[in-house]
Colleague: 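Below is the structure I would like to discuss, written out as structure tokens.
All ligand and atom numbering here is 1-based and tracks the order in the structure.
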Amino acid sequence: MSLSSTLYAKAQTLIPGGVNSPIRACKAVESEPLFIARAEGSKIYDVDGNGYVDYVMSWGPMLLGHADPVVHAAAKAALDNGSSFGAPCPAEVDLAEKITKLMPSVEMVRMVNSGTEATMSALRLARGFTGRDCVIKFDGCYHGHADAFLAAAGSGVAVQAAPGTPGVPAATVAHTIVLPYNDLEAVKEAFKARGKEIAAIIVEPAPGNMGLVLPKPGYLEGLRAICDEYGTVLIFDEVITGFRWSLHGAQGRYGVRPDLTTLGKIIGAGFPVGAYGGRRDIMEKLSPCGPVFQAGTLSGNPVAMAAGLANLLELEKRDYAALEKRTGELADEFAAIIRSKGVPVTLNKVASAFTMYFTDRPVTDMAAARTSDGKVYTAIYKQMREQGVYLASLGYECSFTSFAHTEADYDLTLEAAKRVKL
Ligand code: KE4
């Protein structure tokens with residue numbers, strides 16, 4: 001019995017499902033989770049000493065690669081000065097300044113500890129700013145596990161078929177309107193019916209939680225225009241896309257300015273950090289300068305701030321275009337290998353992210369994503385993992401590369417793909 005299996009058996013007696021986040025249980029791919037001992041660059045190593053080329057990258061944060069020496073040095077130096085003060089520290093100002101410089105629409109920013117906290121707080125702020133209650137979200141988009149969003153969410157809940165989850169009162173999602181992504185007409189209909197009640201639209205500008213889906217031309221611009229027409233707050237959930245789609249996020253790439261942006265993952269470089277920010281007139285409604293309350297003991301943690309800032313400073317020196325080109329080539333070759341086995345593949349790719357759907361349809365929303373053959377994904381997941389390639393434990397996720405991935409990694413990945421039997 002492997003040490004991973006032994007640990008998993010014990011973990012399940014102490015932690016629900018043996019994991020601290022459901023997706024890690026690998027249920028959707030009929031596998032046991034690997035317990036990871038360490039990670040470095042593009043690799044992770046399980047407790048039994050097996051190494052894997054990693055395309056999960058902690059679900060997005062590790063764009064520089066695992067255990068980046070510059071990031072770790074900054075975190076260690078900060079740690080030597082103490083781990084938490086419960087008072088403001090210079091690193092919070094430095095990271096806030098860097099984020100506002102890099103994200104075109106973010107004039108002010110508030111640090112929190114996760115993407116969930118960021119989206120939950122951004123929605124409360126939008127409701128407080130507009131005095132309205134309704135929020136539009138899109139089927140297949142995942143914004144963390146705050147109650148208001150667990151209505152036909154993506155990432156995880158999508159696999160559980162029934163939208164939403166027990167424990168969320170109907171009253172809580174009574175103000176949540178769930179629409180298909182990439183369908184502007186549906187948004188216009190909703191505004192015709194309830195426009196004056198709608199506080200916010202929250203959208204992953206290019207969703208990563210139904211797998212990767214790209215915005216149709218004009219879609220984001222259409223959301224912007226309708227929000228302007230009705231005085232609704234447009235929230236871009238850039239927890240995945242922020243600093244990955246470009247140094248200026250998806251908003252920088254697509255040229256559409258939201259009113260609020262939520263961030264996470266990369267801004268913490270693997271430490272627990274989330275953030276939300278945007279228009280000054282909205283952000284200044286936040287306590288203590290405004291009436292909308294939000295707080296957090298460990299928000300702006302000095303160690304996490306130091307790591308996050310070091311991460312962004314390093315990313316500013318990296319060649320995003322080259323990484324996008326190389327990631328696209330890998331994805332194209334990977335998809336071609338799978339197609340050569342007689343399986344239809346729709347490939348969506350952008351920046352350093354891609355998703356293969358095993359369907360012959362284009363995938364522009366959750367309904368189309370659901371036509372992907374999950375059994376094919378499971379077979380690929382298992383056989384790739386057996387050959388040292390670590391893919392997302394759910395088909396409705398992205399594969400991520402990083403600045404640490406090497407030609408040897410890509411060669412190993414494609415050789416392993418060639419050996420997959422479907
Ligand atoms: P967290 O609360 O997990 O830090 O962030 C929630 C969140 C918000 N918005 C977007 C676009 C997100 O993708 C996420 C979290 N992403 C998932 C995987 N795609 C986290 C993995 C997990 O749940 O363990």
Colleague: For ligand 1, which part of H145 has a heavy atom less than 4.0 Å away: the side chain, the backbone, both, or neither?
Modeller: neither
Colleague: May I ask you to check whether S21 has an N/O atom sitting below 3.5 Å from an N/O atom of ligand 1?
Modeller: yes
Colleague: List ligand 1 atoms under 4.0 Å from I23, heavy atoms only on the residue side.
Modeller: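 Ligand 1 atoms under the 4.0 Å threshold to I23: 22 (C), 24 (O).
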Colleague: Which of these, Y396, F149, Y142, has its nearest heavy atom closest to atom 14 (C) of ligand 1?
Modeller: Y142
Colleague: How does R24 reach ligand 1, if at all, at less than 4.0 Å between non-hydrogen atoms: by side chain, backbone, both, or neither?
Modeller: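 Neither; no heavy atom under 4.0 Å.
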Colleague: Where does T116 meet ligand 1, judged by heavy-atom distances below 4.0 Å: at the side chain, the backbone, both, or neither?
Modeller: both
Colleague: Does an N or O from I240, backbone or side chain, lie closer than 3.5 Å to an N or O of ligand 1?
Modeller: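 No, there is no polar N/O contact under 3.5 Å.
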Colleague: Should we say atom NZ of K382 is surrounded by more than 12 heavy atoms from elsewhere, each under 6.0 Å from it?
Modeller: yes
Colleague: Scan N50, L34, D46 and name whichever one has a side chain to side chain contact (heavy atoms under 4.5 Å, CB included) with R385.
Modeller: L34
Colleague: Please determine whether the number of non-hydrogen atoms from other residues, nucleotides or ligands lying under 6.0 Å from atom CD of E107 exceeds 12.
Modeller: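 Atom CD in E107 is crowded, with more than 12 foreign heavy atoms closer than 6.0 Å.
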Colleague: Which atoms of ligand 1 have any heavy atom of G144 under 4.0 Å away?
Modeller: 6 (C), 7 (C), 8 (C)
Colleague: Indicate yes or no: does an N/O atom of W59 lie under 3.5 Å from an N/O atom of ligand 1?
Modeller: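 For ligand 1, there is no N or O atom that lies under 3.5 Å from one belonging to W59.
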Colleague: Can you tell me how the ring of Y219 sits relative to the ring of F138, calling it parallel under 30°, perpendicular over 60° and tilted otherwise?
Modeller: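 Perpendicular, since the angle between the ring planes exceeds 60°.
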Colleague: So which of R257, R279, Q251 actually passes side chain to side chain donor-acceptor pair (under 3.5 Å) with S105?
Modeller: Q251
Colleague: Do the ring centers of F403 and Y320 come within less than 6.0 Å of each other?
Modeller: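 Between Y320 and F403, which both carry aromatic rings, the centre distance is below 6.0 Å.
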Colleague: Check whether any side-chain heavy atom of F334 sits under 4.5 Å from a side-chain heavy atom of L347, and report yes or no.
Modeller: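 In short, these two side chains do not touch, never coming nearer than 4.5 Å.
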Colleague: Evaluate the side-chain proximity of I380 to L422: yes if any heavy-atom separation is below 4.5 Å, no if none is.
Modeller: yes
Colleague: If you count the atoms of ligand 1 from 1 in the order shown, which ones are under 4.0 Å from a heavy atom of S114?
Modeller: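 Once the distances to S114 are compared, the set is 2 (O), 4 (O).
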Colleague: Give the contacting part of E204 toward ligand 1: side chain, backbone, both or neither, where contact means a heavy-atom distance below 4.0 Å.
Modeller: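 Under 4.0 Å from ligand 1, E204 contributes side-chain atoms alone.
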